[in-house]
S.K.: 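Supplied in C-alpha cells, the structure appears directly below.
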Protein chains: 2
Amino acid sequence: MSLGTGYDQQGCYLARALEVVGERWTLLIVRDCFYGVRRFTDLREHLDISRAVLTARLDTLMTAGVLRREVSDGHPEYVLTEAGRALWPVVYLLTKWGEQYTSGPHPARVYSHADCDTDVDDVGHCASCGYTPDPADLIVRPGSGPNAMRRDDRVARALAEPHRILTPLEISS
Amino acid sequence: MSLGTGYDQQGCYLARALEVVGERWTLLIVRDCFYGVRRFTDLREHLDISRAVLTARLDTLMTAGVLRREVSDGHPEYVLTEAGRALWPVVYLLTKWGEQYTSGPHPARVYSHADCDTDVDDVGHCASCGYTPDPADLIVRPGSGPNAMRRDDRVARALAEPHRILTPLEISS
DNA sequence: AGCGTTGGTCTGATGAACAGACTGGGTGTG
DNA sequence: CACACCCAGTCTGTTCATCAGACCAACGCT
C-alpha cells in the first residue's frame, strides 16, 4: 500500500488513515508501543511477525510520522510521536469493541487511572475524576478472565505486572 | 484471514477485532453503511472494489455479526446490526485522525447534531447538548475544503446533499 | 580470535487482491 | 413470447503481499 496501490479516494480521510494504520499488524505494533515495547526483537517476538514485514511496517509508520526511531546505547528504539499517541482512543475503542462483540466477556486487560486508581469505562472515561485521562496516566494490568495471558514470551511475562502505559517496559533477557 | 491465518493471539481482543474489521476495505464498507449505502452495486461503485473481494468482505462482516442481509423487493440490502453500529466511534475517530495527521487540514465532511444543528467536535461530542449523540442523530455534509468531493459516482453525488447517518441514501439510477 | 545477540536483508513458496469475463435470475419492452 | 438489460454474484489468470527460514553485518563479551 501507500505506493499507488492504496485506496484511491484522496478526498476521504478515513481512507488516508487506513493507508497508515489499516495494514495487517500495524495497529498491533502501535498497541505494543503504547505498552512500552520499543525494540525490534521484542516486537517481533511478542507479535510473531516475520522480520521482513515488521521492517516494512516500522518504515511506513515512521514515514507517516507515527513512530520515531531513536538510537539509545547502540540499539534502535521505536517510540510513538504525538501523532502516534493520538491513536490511543482508536486502539482502546477497538479493543473494547472486540471485548464486547467477539465471543467472550472477560477483559484480557484492565485499564485504570493512575491518579485516582479507578478503572476507566468503555470509552476511556474516569468516573471519579470526570474526564478522560491521557494514555500516559493509565495503568494496564491483566484481567482475571480465562482469556488473560494466553501467550508466554518475554513481553507477555513483563505485562503480567501492572504497568504504566507509554513508559518503557522492563523485559528480562 | 479468519481461516487460521489470523493473528494468532487469542488472548487479545484487539487482535480479535482486527480479524473482523482490520482487513483491507472492511472499515470503508462499514463507513458507507453508516452513510446509508445498502446495495452491492452501490458499494462496489463507490469504493472501486472488485466484486470478488466485496463478496468476501460482506461474508465475513455478516458472519461476524456486523452486517445483516435483508432482501427487500427482490434485492439484497446490507444493514448494520447493533454490533456494526457500535463501530461508529472507531470510524469517526480514525477519520478525524486522518484529517489531523495526514497532510491537509480541510475536513472532507462535517458532522452535526440533528437535534440542535451544532457541529460535533473531534471526539464526536455536541457542545450545546453536552453529550455525544448517537450516529443516527448526526447529519453529514460535505466540507468546504478542496478535498471535498473528489470522486464522482452515483453515491458520491448523493452524499453531496446533507444526509442523516444510518438512513438509506437515495441513489439516482 | 571466536561466539552470541541484535537488527536487519534476501529468497523461494504460498496466499490474497485485482481486472475483467462469465452466469443466472428477475424486470421491463416491443 | 423474445429480447435486452440490470443486479448480484462467481470464475479465471495475473500481479502483489506475506510467510518461513536462511543469510549477513555490526557490536559486545570472554
S.K.: Under the side-chain hydrogen bond (donor to acceptor under 3.5 Å, both in side chains) rule, collect the residues that match up with B:R51, sequence neighbours excluded.
M.R.: none
S.K.: Using atom CG of B:L43 as one end and atom C1' of D:dC7 as the other, report the distance to the nearest whole Å.
M.R.: 13 Å
S.K.: Only counting residues at least two apart or in another chain, list the ones meeting ring pair (Phe, Tyr, Trp, His ring centres under 6.0 Å) with A:Y101.
M.R.: A:W97
S.K.: Do A:V120 and A:P133 make a side-chain contact, defined as non-hydrogen atoms from C-beta onward lying under 4.5 Å apart?
M.R.: yes
S.K.: Side chains of A:I29 and A:L54: does their closest heavy-atom pair fall under 4.5 Å?
M.R.: yes
S.K.: Who passes side-chain contact (heavy atoms from CB on, under 4.5 Å) against A:P135, sequence neighbours left out?
M.R.: A:F34, A:W88, A:I165, A:L166
S.K.: For A:R141, which residues count as a side-chain contact (heavy atoms from CB on, under 4.5 Å) partner, sequence neighbours excluded?
M.R.: A:V110, A:S112, A:D119, A:P162
S.K.: Whole-Å distance between C:dA16 P and A:R24 CZ?
M.R.: 9 Å
S.K.: Whole-Å distance between C:dG20 C1' and B:L54 CG?
M.R.: 16 Å
S.K.: Output the rounded distance in Å from CG (B:L47) to P (C:dA17).
M.R.: 14 Å
S.K.: Could you list the residues that satisfy side-chain contact (heavy atoms from CB on, under 4.5 Å) with A:T167, not counting sequence neighbours?
M.R.: A:H163, A:R164
S.K.: Could you give the CZ-to-P distance, from B:R44 to D:dC7, as a whole number of Å?
M.R.: 12 Å
S.K.: Base contacts versus sugar-phosphate-only contacts with protein, heavy atoms under 4.0 Å: please encode nucleotides 4-13 of chain C as B, S and - from 5' to 3'.
M.R.: --SBBBB---
S.K.: Using a cut-off of less than 4.0 Å, is there contact between a side-chain N or O of A:W25 and OP1 or OP2 of D:dC19?
M.R.: yes
S.K.: Measure from CG on A:D73 to C1' on D:dC27 and round the result to the nearest Å.
M.R.: 12 Å
S.K.: What residues form a side-chain hydrogen bond (donor to acceptor under 3.5 Å, both in side chains) with A:S128, not counting sequence neighbours?
M.R.: A:T118
S.K.: Given atom CD of B:E23 and atom P of C:dC18, what is their separation to the nearest angstrom?
M.R.: 12 Å
S.K.: Would you write out the dot-bracket form of DNA chain D, 5' to 3', with Watson-Crick and G-U pairs under 3.5 Å, [ ] for crossing pairs, | for pairs to other strands and . for unpaired bases?
M.R.: ||||||||||||||||||||||||||||||
S.K.: Sequence neighbours excluded, which residues qualify as side-chain contact (heavy atoms from CB on, under 4.5 Å) partners of B:T63?
M.R.: none
